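One structure below.
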There are 2 protein chains.
Amino acid sequence: MAVTIYDIAKTAGTSHTTVSRALRGNAKISVEVRRNVQRIAAELGYRPDRTARMLKSGKTHSIGVLLPDFANPFHTEFLQAVQRLCQDRGYHLFPVDYRNDEKLERQALEHMLERRCDGCIASLMRFEPLRDLLQEFWDSRIPILVAGLPEDVGNTPVDGYREDFSVGIRQAIEHLVGLGHREIIFAGSWHEDAGVAGDRFEFLQAAYRDSGLTWSHDRIARHWTGDQLADGKASARIIFDKQPNTTAILGANDLFCVGLIRGLTDMGMSIPADVSLIGTDDTWTARYWPTPLTSISQDTESQATFAVETLLGRLESHQWQPSQCMTLNSELIIRESTAAPRTG
Amino acid sequence: MAVTIYDIAKTAGTSHTTVSRALRGNAKISVEVRRNVQRIAAELGYRPDRTARMLKSGKTHSIGVLLPDFANPFHTEFLQAVQRLCQDRGYHLFPVDYRNDEKLERQALEHMLERRCDGCIASLMRFEPLRDLLQEFWDSRIPILVAGLPEDVGNTPVDGYREDFSVGIRQAIEHLVGLGHREIIFAGSWHEDAGVAGDRFEFLQAAYRDSGLTWSHDRIARHWTGDQLADGKASARIIFDKQPNTTAILGANDLFCVGLIRGLTDMGMSIPADVSLIGTDDTWTARYWPTPLTSISQDTESQATFAVETLLGRLESHQWQPSQCMTLNSELIIRESTAAPRTG
DNA sequence: CTGAAAGCGCTAACAG
DNA sequence: CTGTTAGCGCTTTCAG
């Protein structure tokens, strides 16, 4: 059916090996033979079969990128950054959206193992139940880099990075307290026992205390169905039903915030007049929102750079010793969604 | 390195053929042998090598999905819809974001050919310069389905669908004229000679005339750099510099509208008090925006369904006769971004 | 029901 | 510089 190097070899009157070499230009081949082969290949409409190449060479030149939700601008911005970095290095991306579904998440990881991706970058919901697969990646010598790696990975050998939200959260709380807020809620949509969000609570707690606020678990409003927009919208009511005195909210991610704003608006509240809001991630939604969102910013570009460099570094140097984890800083960007609370 | 069926065969004391059969469950294999093989495979941590499977069987079980911009919710919503439909049918998606870059677009298409995708769904910038590749897909018996197929595909054999914007645009113009608008601009960010947008102009023109408005090319404001958000933002000023009497704008896509709103807001204009705005695509941004956008809605779900059904239909039935093109209707959804123009 | 043998399209020693 | 030979890991006839 499709034309192969054998077809080219036949019409060129040479061996398929020569064709293979001529087409890729590495080896020493006489100029005329090369040109002739290339001409014939073009005439015949030859396309190399990558699946064959992969099998033979054991390299797929592809990096799997596992993300929870392509609808979330944070993840697509990250993906685009990764893509820009990879394409110059000759790697193709194999992006997978597991849509906040743990079953799909696991399947996707297994799929990457079976597809023999050269490497993998993954933003996981929960680290814990995937330890076995992560170990398998390591054993198969497929470097995998995990975004939002929890503090305690135990003896599971993985690379990764983690946001240090302590700074950003502290700045956020101080900013709000400075404006006069006392009733601040941290709201978001995450899985009950997600590791990442857990980390933030300690920072939160510390930040609250250091700013002279009393801490209690009521300060956290979690609502999870897997749909960030809907969860955000629903949260508006939930928060004010339980804590009617709330004057400021920290939203766990920008997509959730979009939903939250919708919910608040529907309740007749406006931002920042009735309630102050701080987003997290600082995606285009935060920047372009009619009332631009004050946000705790993650540096997507740095994350992507670290991820790609670490991954390709491992790939190209075959270093399999220590696993790396980088900590990145977060920072508060003040815009217009925060203001002094309504008095009285 | 990795464990193969030969390794399993050896420890199971059988042939690799039997192992292959036992593992997939299709062929007739005695229950005990099958169980034994499966147990050993699990113990050894066997993972089938998909690249080998692909090469041997000639099927990759993957559908390439080529899209211009993952940052645009319209495209990711489509992608997620396609994914939902494909996963039940046993196909994996291979999504590629060509980031509005014609060079990357072409490369990606070639890559799918070389990766031997079973099929392909593509939303292209311009049809014209890709005719040769589209023909190649057809010749290679790789069904490809093009979103936003132009009216005139000549003799290039491709499947596709196209939005019929005439209805939506007519409704939009009538809606605006009904509210009292006379100075309506169609604004967007598209490549100079993109085929799709061209279609809309005729509808536009007809719709303008039928509503008793005078038509001229000044009614169209095109600004293209490839970044929808930035283009939208910049367009606000451009539009009012040229046409200060504008009272309503039709935005070519939702991401562009987000930018446009930003630009308008920066100029101190509010929606719909100072200017009415109608979006296109009706993504979550339109629905969740603080002032929910009146939108010309494309039915993403229908598009995805048609795309997947047509593609898999071809794949499974090996029908290579007539190429199909479906026309889908658009419809105006009225929300809060449109109102009567300021009098005087 | 099971095994032996062939080969998917390509790359990579190893000889010439 | 070029050709011969041998697989990569798997599926698939074709005989037992």
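Every chain is numbered from 1, with letters handed out A, B, ... down the list of sequences. In this text the structure is predicted, and so the values were computed from the model without any measurement.
- Regarding A/Arg115, its CZ atom lies at a distance of 18 Å from the P atom of D/dG9, rounded to whole Å.
- A/Asp49 has its CG atom 14 Å from the C1' atom of D/dC10, to the nearest Å.
- Regarding B/Met54, its CE atom lies at a distance of 19 Å from the C1' atom of C/dG7, rounded to whole Å.
- Ring planes of B/Tyr91 and B/His61: tilted class, angle from 30 to 60°.
- Protein atom CG of A/Asn36 is 14 Å distant from nucleotide atom C1' of D/dT2, rounded to whole Å.
- Residue B/Ser20 has its side chain nearest to D/dT11 when only D/dT11, C/dG3, D/dC10 are considered.
- Between B/Tyr161 and B/Phe306, the ring planes lie perpendicular to each other; the angle is over 60°, past the 30° to 60° tilted range.
- Between A/Asn155 and A/Gln135, the side chains place no donor N or O within less than 3.5 Å of an acceptor N or O (distance only, hydrogens not considered).
- For the OP1/OP2 pair of C/dT11 and a distance below 4.0 Å, the side-chain nitrogens and oxygens of A/Arg53 include at least one atom meeting the criterion.
- B/Thr51 comes within 4.0 angstrom of no nucleic acid atom, judged by non-hydrogen atoms across all strands.
- Phosphate contact (OP1/OP2 of D/dT12, side-chain N/O of B/Arg24, threshold under 4.0 Å): present.
- Salt bridge B/Arg53/A/Glu114: absent, no basic N to carboxylate O contact under 4.0 Å.
- When the side-chain nitrogen and oxygen atoms of A/Ser57 are compared with OP1 and OP2 of C/dA12, none of them lie within a distance under 4.0 Å.
- Salt-bridge formation is detected for the pair B/Arg106/B/Asp132: a Lys NZ or Arg NE/NH1/NH2 atom is positioned less than 4.0 Å from an Asp or Glu carboxylate oxygen.
- Both A/Ile5 and B/Val31 lie near DNA chain C, and the one whose nearest nucleotide falls closer to the 5' end is B/Val31.
- Over its length, the helix from C/dC1-D/dG16 to C/dG16-D/dC1 turns its helix axis by 40°, as judged from the five terminal pairs at each end, rounded to 10°.
- For A/His61 and C/dT11, the NE2 to P distance is 11 Å, given to the nearest whole Å.
- Side-chain atoms of A/Gln83 and B/Arg99 form a donor-acceptor pair, as typed in the model, at a separation below 3.5 Å.
- For the pair A/Arg116 CZ and D/dG9 P, the computed distance is 8 Å after rounding to whole Å.
- A donor-acceptor contact closer than 3.5 angstrom links the side chains of A/Ser20 and A/Arg24.
- In this structure, CZ on A/Arg131 lies 4.0 Å from CD on A/Glu128, to the nearest 0.5 angstrom.
- Of all nucleotides listed (D/dG9, C/dC10, C/dT2), D/dG9 comes nearest to the side chain of A/Leu55.
- Taking atom CD1 on A/Ile8 and atom P on D/dG3, their separation rounds to 14 Å, with Å as the unit.
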Could you write out each protein N or O paired with an N or O of nucleotides 4-6 of chain D at a distance under 3.5 Å?
unit_1, atom_1, unit_2, atom_2, d
D/dT4, O4, A/Thr17, OG1, 3.2

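- To the nearest 0.5 Å, atom CZ of residue A/Arg116 and atom CG of residue B/Asp49 are 4.0 Å apart.
- Every residue meeting the side-chain contact (heavy atoms from CB on, under 4.5 Å) condition with B/Glu43, not counting sequence neighbours, appears here in chain and number order: B/Arg39.
- Per the geometry, CZ belonging to A/Arg47 stands 22 Å off P belonging to C/dC8, to the nearest Å.
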